[in-house]
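Worth knowing before you read on, the calculation uses all heavy atoms, side chains too, and leaves out hydrogens, waters and symmetry mates.
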Amino acid sequence: MVADESASKLSKIIWSQEFPGPFTKWFTTMIEGQLSTFVNQGNVEGVMRGISFWIKMLTKPPKWYHDKNSCYVLDQTVKSAFRHKSGLDSVKAALQEAFQRHQKETHQQGAVSQFVNWVSSGANFSQIPSLTEVMCNPELFGWLSLVLLDMEFTYEKDTQLWHTFREEIYTDSKASPSHALKKCVSRLKLEQAPGLNSMTIYRFSRFMLDLPLDHPVLPLICQRFFLLFLGRQVSQASNQQRASVGEKMFEVSGHSGTLKKIKKRFNEAINLHMDYPTAISENTADDQSSNIENFKYVPKKEFHLNLARLYQTYQLWIDEPFLHDAKLYIPALPVQYDTGKLLQMFQNQTNLWFEYVDIDRIIYELSQTASEWYHSADPGSPRKSYLHHTDHIKHGAEGILSALKMAELPSELPPLQPVKPPVPDISTTVLEDKATILHVLKSDLNVIKEYAKSFHSRCNHQVAIDDDFCTLLPKLHYNNQKQVKVTTECKSHINPLHKCSNPAVINVNIREKARDENVQRQIDENRAEYKQLLIEGQNPPPVNICVAVVHMENALTMLVKLFRSSTDDMKVSRLNDTVCTLFFQLAESINDDIQFYPPARQFYSSCIDLLGMEFMQKDPSQTENILQFSLDSPRLAGLISPHFIPLNSPRIYVTMYEKLVQILKRDNPDLVFVLLTKFDIPLWLSTINPAQIEMKRLIDVLGIALYSCGIDPDKPHSLVFALYCSHLKSLLNFHFPCNLNDVLGLVLKGSVDQALHENCWQILNKCIFEVNVEEGSNETQKMTVLSIDQIRTVLHQLGDFFLQSRLLVADNSAFGLYPCLARYIDEIRNLICDLLLCLMHKILPNMSDMNPISALDTVWQTIVHTYAPWIQTIQNEKTQLLPWIQSDVESGTKMVESAVTVFEQVFTCFADLIPPYQPNTLGKVWMYYAGVLCHKLSPPHIINVYTSVLSQLPWKHLKPDNYVLQSMIQFKELKCNEGFDLLAHIVCELDWAEILQVYQQVFQDESLALSSTLILLVQCFGEQKHIEIPALEPKIVSAINYNWIKLTSDNYRHAFNWYLQMCDPKYLIAERSSTVTLGLRLLKAASDFNVQSSSNWTSDMAIKRQCYVHSYVQLICQCTYDNEISMESITTVILNLMTDIETVVASVVDSRIQQEECLDLMKEVLSLLNNCNPSNQSVVVTTIIQWLESSPSSILLLPCVRSASRCLASHRHMVQIIEECIQAYFVGGHDKQTGGGWDHVLAAIQVPDLDIDDYLTVALEEGSYLLLYGYIVQNLPLCQSLEQMNVLLARLLDWTGKAKPSSDNECKLLLWWSILVDIVLKDVNFGASHKVLIKMLNTLISHLHQYGEDRLSTGLLGAIGLGKKSPMSQQFRIVCRALAAMLSAQIFGESLLRCPGEPVVSTSSSKQQLTFLHSLKSNRQYHQFKSDIQMSCDFVTSSDKYLADTVDLLGRLSTIFYSDKKFLSVLHNFHS
């Protein structure tokens, strides 16, 4: 090697240097030749000694690592060691001396070197440089470098440096690696340690980048790097810390880019090894043609592919930061991460992966080196390859044989002693004898059980010892009270020269830690016993255990072989019986001790598995026995159940299934689950194809099983429940739908009993329906394979079941189905809705062969029958059963919405098939609601649901027939008020104009449509919430313009009655243009109470008008009772009504009809006085009188007289109105008619037959003098005797005396007096007694005298002439005095009246009256009437004037003074 160095110095001048030099190569071939000799001889020990020798020799020189020739020879020598797995340890042992010498040399460096080291690194310890750092070109010597780095890593581990370094970085994540290294060296008190850059993790990473990619040792270098990079810290408790710090060590500035370079390096290595197969295939042909002398090494293709995969794994490791995360879950990683090797890295396993080292290449290269040495030593011999080394082996054998020939002959062998076999053999005879083999094997089992029992006892003893130790340990130390003396010197801060004679002594009581010796002794004994148990536990099992186990295995193996080879059926049967008995004997012998001892448990499991697979699983007769054994021994079920195959016994398949259900009832779900997994229901159904009765029985059993799991299975039952659900699904799908009705019955019963989970409904839905996605949209549609009849059957089954449940179960009757089926309600609702929709989809294509109305009836009956238990109020014998309670409104709403969805689908399907105004879908929905759903006593929480949901239907398309209209009219009367909300919505949706037109043109029955329209609109108008519906006002406004001629009076009366019941009477006083008056306006239009309709007058129209006025008056009466309504508003309403009546009646052409209608309507108006608030009657009377006064020409005057005479209950009101009518009648100019107009008045006046006197008294009190006059005139013709006439005279005289006229009505008395004089004249003509008549006339004269006085003569003051001024007018007083004088002049005493031709009477009375009249002429008050007074005087004193001319005098005076009073027309006309 030195020669090579000398030669290289000379060659530098001439040509470039070649390494290694020829001498170094010869030296290396010499060593390899020597080692190959040992290898060919199979002397591994010699090889290791040779390697150790040369390593020690080459490392002997100082600074050997600076000599690259020495390093080269060492590298090749180490390479030779890799042929053997133990070679690496030998190399390390040989290099150990050189490694220690290097450390010592480093530690003995000079002071200057230490100072420079301290200044450069800041470390206060000697830094050991790595040998690979001081080595010349270490990348050329990969094998040597690997060993040296591995030794340095071993040093770091042995000194705890690496462990502490990782722990420090892991604990303090903010600390830098250099700072952490200093702290570790300081903590470990190391005098020398590697610097940070000399740490093996950095050296391995550097070496990975420098070493050639195809070097065989590169995979091991990478393994060592990842061992440091990914290895996880181990705590003191030997628990793996789930974190690594390798990534943090490469965050320092000097190494931050290393990981990226390594990743790139791995990529290059991957490409290199992936290209190897191509290179191999290209050179294969050349290699095959070469001879053995020129043989070249051809690497294996598979080996390089494995290397490529390894480098890919390395690349993933270096690139994945989550591998350093403490939360990493290794099993979740992909297979590319090779979790097995990754786990070795995490666990710091140092075993090298030699499978990734190309040993064949090493052997080839070493053999080539050795062959070069042999060739150089014997140039004539052919060069040998590593494939031809058998010659050396042959020569070695010959040497051995020759040596043996030279040795002494050995002694003869000692005689062979018979050895008893440790395990006794078992004969075939024993195997075939059941009792014998069972007895033999039972003894083996007993041995195993006894040893397992001793192991269990020993473990329990150890646990008890540990418990005692844990109990004693806290008692080992205690606090001991102790007193100690403490001295304290005194020092003066004031006087520094002060000296203390002695320090102060202070006694201090402390508590000192002390050990309890008795406890310590007990702990020592405890630990000694613990160690003894550990020693016993480490002893191998006794021989008898091994013998028993092997004997048992041999017996079982022989039984299996004998059973397989036997052809005799009897023998096979006996063996099978023996093995089955042995199987159960093995299972029964397993106890807690066997379960606790793992080897025994494993042995028993193996034996049972062997027997089970070979015998039990193939014997159908044992199926039930295995099941029963599992049920009787639940703890062994997991061991025995793998051999339980129910399908082997199809005859008792359901029976075995039922047994598990019975066990489940006893609450053992784990056992049931283990055994239930063996029941493959789909396989049973497909292979056995059981009869329907068997499937029915299994369904019944399955129902009991599902009920046993409960409505909400807990965690132990959830797995069993899942299996039962899968079995249920399999039964449903098998030959669907043959089991559908049975399964449906099962689910229904469990649901009502609240014993079933809702998953069963979901399974039912999924099996019945399949979801189809419509083309061109994302909408899904559920379809089913069930036929129309099958769907109807299922729906009827659902409807019947739930209806019976609701009727028969008390809680369901009281609260509905929703509380008990709350968990299943969504699934049930979806099932019903989807089935009905599928029914429609299947019926629709067949509609061409069916009558649409009949088809609709059929579908409708199915729908109603299905939904009836859920949404209908059911009537039983005692009460109504409501569909839901208040708390279930939400569920009820969803169910009704489901029904509405079906209704909409039915409507869509039949919309174009059924003609309008025929029984259609919407009509049936309404009839169902009106006739079934809504009742008189239905509570609001139910009706509100119906209204809110059913209102979503397209009611504007409803074409109602007669039945629908009739039910709508009657709905308000028969049903509850809340239920009308839906009808109000429907009314506002319908096109009533179209309906009226259709009924008029098609059905010729417009009356029903008109009455329906009117009544429904009035009913809708009856509540404020309905008035607020936006569509109602346009409907009513439009209806006002309808032609109501054909509306009957009965229907109209019905409509107005609804208005009276529902509407607020305040609407009457509202503005006519306001919304609240729409109802009245509609009713007015419907009654034809207008001028236009009078041209088509009918008797029914008159009745409608009368009904309108009658109802209108009733509203006025209601208003009079409302204190919030002012009487001014009521007055206005009354005046408007009478004006409207006058206008409408005046338009009637026929006068007779006109009078009749006036009479009827005025009766209704005047009935107001009979029914209004008594406190407001005066206002009402005043209003009527006010209108009468303002309408003197009205045609209503005489009808009003007739009406008042007939219908008023109050005499006072009667006389007031009649009096006003008579007076107004004459004001209107009717005095020109015959009789001065009184003929028509008298014909109209009708005095009530009952209580006439009261009637007349009231008339007198109210000043109804015209009425009284009419009464006298009416009765005068009826007098048939003087007495009757005298009665009339007496009444007139009485009235005259009692009357209290005023200046307004005083003139009416003139009519009385004229008729009185007329009666007197008639009496005279009839020959009546003058005395009686004179007496009556004197009475009249007395009354006239009182009326004619200027002051009242009543009272004390009146008696002396100081009374009040007379309320009578001057004209009236003149008339009274004139009449009194006239009458006085006709009386000749007490018994004789003046007759024609006789002179004027001059009695004291007549003179007094005449004087009384004459005195007026001198009175200034009467100055303006002087001529009239004189005329009166002349008339009285004229001898030509007699009693008969008295009426003429009254006529003259009335014409003069009261010419404007038309009711005096009889007097005016008499005078004229």
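When atom types are taken as modelled, the side chain of Ser805 and the backbone of Phe801 share no donor-acceptor pair closer than 3.5 angstrom. In this structure, Lys894 contributes its side chain and Asp826 its backbone to no donor-acceptor pair below 3.5 Å. With hydrogens and angles disregarded, a donor-acceptor distance shorter than 3.5 Å links the side chain of Asn648 to the backbone of Gln617.
Put simply, the side chain of Phe907 does not reach to within 4.5 Å of the side chain of Asn920, judged on heavy atoms. Using a 4.5 Å heavy-atom threshold, the side chains of Val896 and Tyr867 count as separate. Annotation: side chain of Phe615 is not in contact with side chain of His643 (no heavy-atom distance under 4.5 Å). Taking 4.5 Å as the limit, some side-chain heavy atom of Pro883 sits within range of a side-chain heavy atom of Thr873. Side chains of Val902 and Ile832 form no contact here, defined as non-hydrogen atoms less than 4.5 Å apart.
Shown are Tyr929, Trp926, Trp860, Trp955; of these, the ring-ring contact (aromatic ring centres under 6.0 Å, His included) with Phe903 is made only by Trp860.
Cation-pi geometry between Lys678 and Phe644 is not met at under 6.0 angstrom from the ring centre and within 45 degrees of the axis.
Two rings, from Phe679 and Trp684, have their centers 6.0 Å or more apart.
In summary, Glu897 and Arg829 do not engage in a salt bridge, as defined by a charged side-chain N under 4.0 Å from a carboxylate O.
Judged by distance alone, the side chains of Trp884 and Ser891 never bring a donor and an acceptor atom under 3.5 Å apart.
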